[in-house]
Amino acid sequence: RDTWELGIHSYLAYLRDRLTSARELLTESGSMFVQMGEENVHLVRCVLDEVFGSENFSAIIAFKTTSDRGGERLGTNCDYILWYAKNIGALKFRALFTERAYEDDIGKRYTRIELEGGIRRVMTTEERNTPSSIPLYSKIYRHDNLTSQGTGETGKFPIIVDGITFRPGTGTWKTHQNGMERLLKANRLAYPTRNSLTYIRFFNDFPFTSYTNIWTDTQTGAFTDPKVYVVQTNTKVIERCLLMTTDPGDLVLDPTCGSGTTANVAEQWGRRWITIDTSRVAVALART
C-alpha cells in the first residue's frame, strides 16, 4: 500500500533498502530508473545519491501524463524519472531518435519551399498553417547564416554567384573555398539581397532528432493504455527507458511490478525479465 506509518520517513527508509539491494543486483553497465511525482523528487534524488553516488546520476526525465491535474497555482501534467547508473563510466546507452515533423519548427524559421520542378518561393500562409496543403514532392527550406565571427584568412575569399561577387564582410565564411564551390554546384546558395549570401538548409537535411529529457508524447488518455492499476506507467515510457539501456537478451528487473507493464514491454522487445511485488493484487494483475 502507498501508506506509511511515519509518512515520508517510512517511505524513504523503505525505498533506500530496496535501492541498495537493487544496486547490488545490477551489472556494471546497468541502469536504475525510479518514477515519482513532483512532491518527492528532491528527497528521492538525495537517497539515490547516497546509494549510487552522485557521480552516477545520469538524467532526470520529465514525461507528460495528462492534460492538467489542476492545482492552486500552476497545474501539473507530468511525472519524473530519476535515472542512475551503476557505473557511469561503463553505462550502456543506446541513443533513440524521433522523426521530425514540420510542426516541430517552433520558431517558424522554415518559411520557403522548393517545388518539384526546382522553383523556389516563399510559402503561403495556408501552407505554413496547414502542412498537408504543401504540394507533393516539395521541399521546405530556410536561409541560414553562412558567415561566422572567425578571423582566419582561409575563410576570407570572394565567391561569385550569378555574376555577383560576395565577400564575408568583417567575419569569415563557415566553410573553405572547396566547400563553397560544392555548395554552389549543389544549388545550396541564395542571396535574399545583393549584399547577403546565405546557405539553403532543407528541413529534411536532418529528418531525425534525438530525444531529450522532456517527453511530451507520453500523455495518458482515451487512446492510450487502459488503466488497470493505480500507479500504472504508460507503456511508451517504460519502452523508451528499456530501449535506451538494454539490448535483446539482457535481463530487466522490476521489483515493484504493479500491473506488470515492465514485464510486458520487456517480453515484446526480446529482453529477459523478472518482476515481483509485495502486493497479491499487483501480482494477480501482472499474471493476467
Side-chain angles (χ1 to χ4, degrees), residues 2 8 11-12 14-16 18-23 25-27 29-67 69 75-88 91-98 209-221 224-225 227 229-247 250-266 268-269 271 273-277 282 286:
D2 286 339
I8 188 64
Y11 169 67
L12 294 176
Y14 152 89
L15 197 59
R16 184 184 182 281
R18 279 145 186 80
L19 291 173
T20 301
S21 297
R23 183 186 180 281
L25 294 171
L26 272 177
T27 185
S29 61
S31 290
M32 162 68 76
F33 295 95
V34 183
Q35 176 203 342
M36 75 217 69
E38 62 182 9
E39 299 87 354
N40 297 318
V41 171
H42 59 303
L43 297 173
V44 175
R45 182 167 178 177
C46 288
V47 175
L48 281 160
D49 280 346
E50 178 188 343
V51 175
F52 281 81
S54 59
E55 69 279 6
N56 291 311
F57 169 75
S58 185
I60 179 169
I61 301 166
F63 65 94
K64 194 169 185 179
T65 54
T66 186
S67 55
R69 298 177 193 161
T76 58
N77 68 347
C78 69
D79 275 349
Y80 298 88
I81 293 175
L82 289 168
W83 172 18
Y84 277 72
K86 171 75 173 285
N87 177 354
I88 199 72
L91 174 67
K92 177 183 288 189
F93 173 67
R94 307 290 183 245
L96 301 182
F97 298 87
T98 181
T209 182
S210 58
Y211 280 102
T212 66
N213 66 334
I214 299 178
W215 299 347
T216 59
D217 59 343
T218 55
Q219 180 174 344
T220 56
T224 56
D225 307 334
K227 193 81 167 178
Y229 195 67
V230 63
V231 288
Q232 179 176 326
T233 305
N234 189 323
T235 299
K236 189 181 293 185
V237 173
I238 295 179
E239 178 180 82
R240 207 162 285 170
C241 294
L242 186 145
L243 292 177
M244 284 195 304
T245 55
T246 65
D247 293 322
D250 285 352
L251 182 60
V252 179
L253 168 68
D254 187 349
T256 54
C257 76
S259 61
T261 309
T262 301
N264 185 38
V265 173
Q268 290 178 4
W269 285 98
R271 275 68 170 168
W273 52 267
I274 298 172
T275 188
I276 55 179
D277 204 290

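Each residue takes its place number in the sequence, starting with 1.
When all heavy atoms are compared, the tightest approach of Val51 to Arg23 is O-CD, 3.3 Å. Heavy atoms only, all atoms of each residue included: Trp215 and Val237 are closest at CZ3-O, 3.9 Å. Taking every heavy atom of both residues into account, Leu82 and Val41 meet most closely at CD1-O, 3.9 Å. For Phe63 against Tyr80, the heavy-atom pair with the smallest separation is CE2-N, 4.1 Å. Looking at every heavy atom in both residues, Leu19 comes nearest to Val34 through CD2-CG2, 3.9 Å. Nearest heavy-atom pair across Asp277 and Gly258 is OD2-N, 3.1 Å.
Side-chain contact check for Asp247 versus Arg94: some heavy-atom pair is nearer than 4.5 Å. Residues Thr275 and Leu253 have side chains not in contact (no heavy-atom distance under 4.5 Å, counting atoms from C-beta outward). With contacts defined as side-chain heavy-atom distances shorter than 4.5 Å, the pair Thr65/Asn234 does not qualify. Between Ile60 and Ile81 there is no side-chain heavy-atom pair separated by less than 4.5 Å.
Rounding to the nearest 0.5 Å places OG of Ser29 at 9.5 Å from NZ of Lys86. The CD1 atom of Ile238 lies 5.0 Å from the OG1 atom of Thr261; values are rounded to the nearest 0.5 Å. Interatomic distance, Asn56 CG to Tyr84 OH, rounded to the nearest 0.5 Å: 9.0 Å. Here Ile88 contributes atom CD1 and Ser58 contributes atom OG; the two are 4.5 Å apart, rounded to the nearest 0.5 Å. Distance check, rounded to the nearest 0.5 Å: CG of Asn87 to OG1 of Thr27 gives 10.0 Å. Taking CZ of Phe33 as the reference point, atom SG of Cys241 lies at 4.5 Å (rounded to 0.5 Å).
Listed for the Asn213 side chain is no donor-acceptor partner under 3.5 Å among the backbone atoms of Ala59. The main-chain N or O of Thr262 is never found under 3.5 Å from a side-chain atom of Asp254 such that the two would form a donor-acceptor pair. Judged by distance alone, with hydrogens and angles left aside, the side-chain atoms of Arg18 form no donor-acceptor pair with the main-chain N or O of Pro255 at under 3.5 Å. Of the possible donor and acceptor atoms, one in the side chain of Arg271 sits under 3.5 Å from a partner among the backbone N and O of Trp269.
For the pair Asp79 and Lys64, the salt-bridge criterion is not met [side-chain N within less than 4.0 Å of a carboxylate O]. Of the charged side-chain nitrogens involved, at least one lies within less than 4.0 Å of a carboxylate oxygen, so that Asp250 and Lys92 count as a salt-bridged pair.
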* Any chance you could lay out the side-chain contact (heavy atoms from CB on, under 4.5 Å) test for Phe57 and Arg45, step after step, and finish with the verdict? => CA-CA 9 Å; Phe57 169 75; Arg45 182 167 178 177; 3.4 Å; yes

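Here Arg240 pairs with Asp217 under the salt bridge (Lys or Arg N to Asp or Glu O under 4.0 Å) rule; sequence neighbours left out.
Within a 6.0 Å radius of CZ in Arg16, other residues, nucleotides and ligands contribute 12 heavy atoms or fewer. Atom CH2 of Trp273 sits in a sparse spot, with 12 or fewer heavy atoms from other residues, nucleotides or ligands closer than 6.0 Å.
Trp83 and Phe93 have tilted rings, their planes meeting at an angle from 30° to 60° on a 0 to 90° scale.
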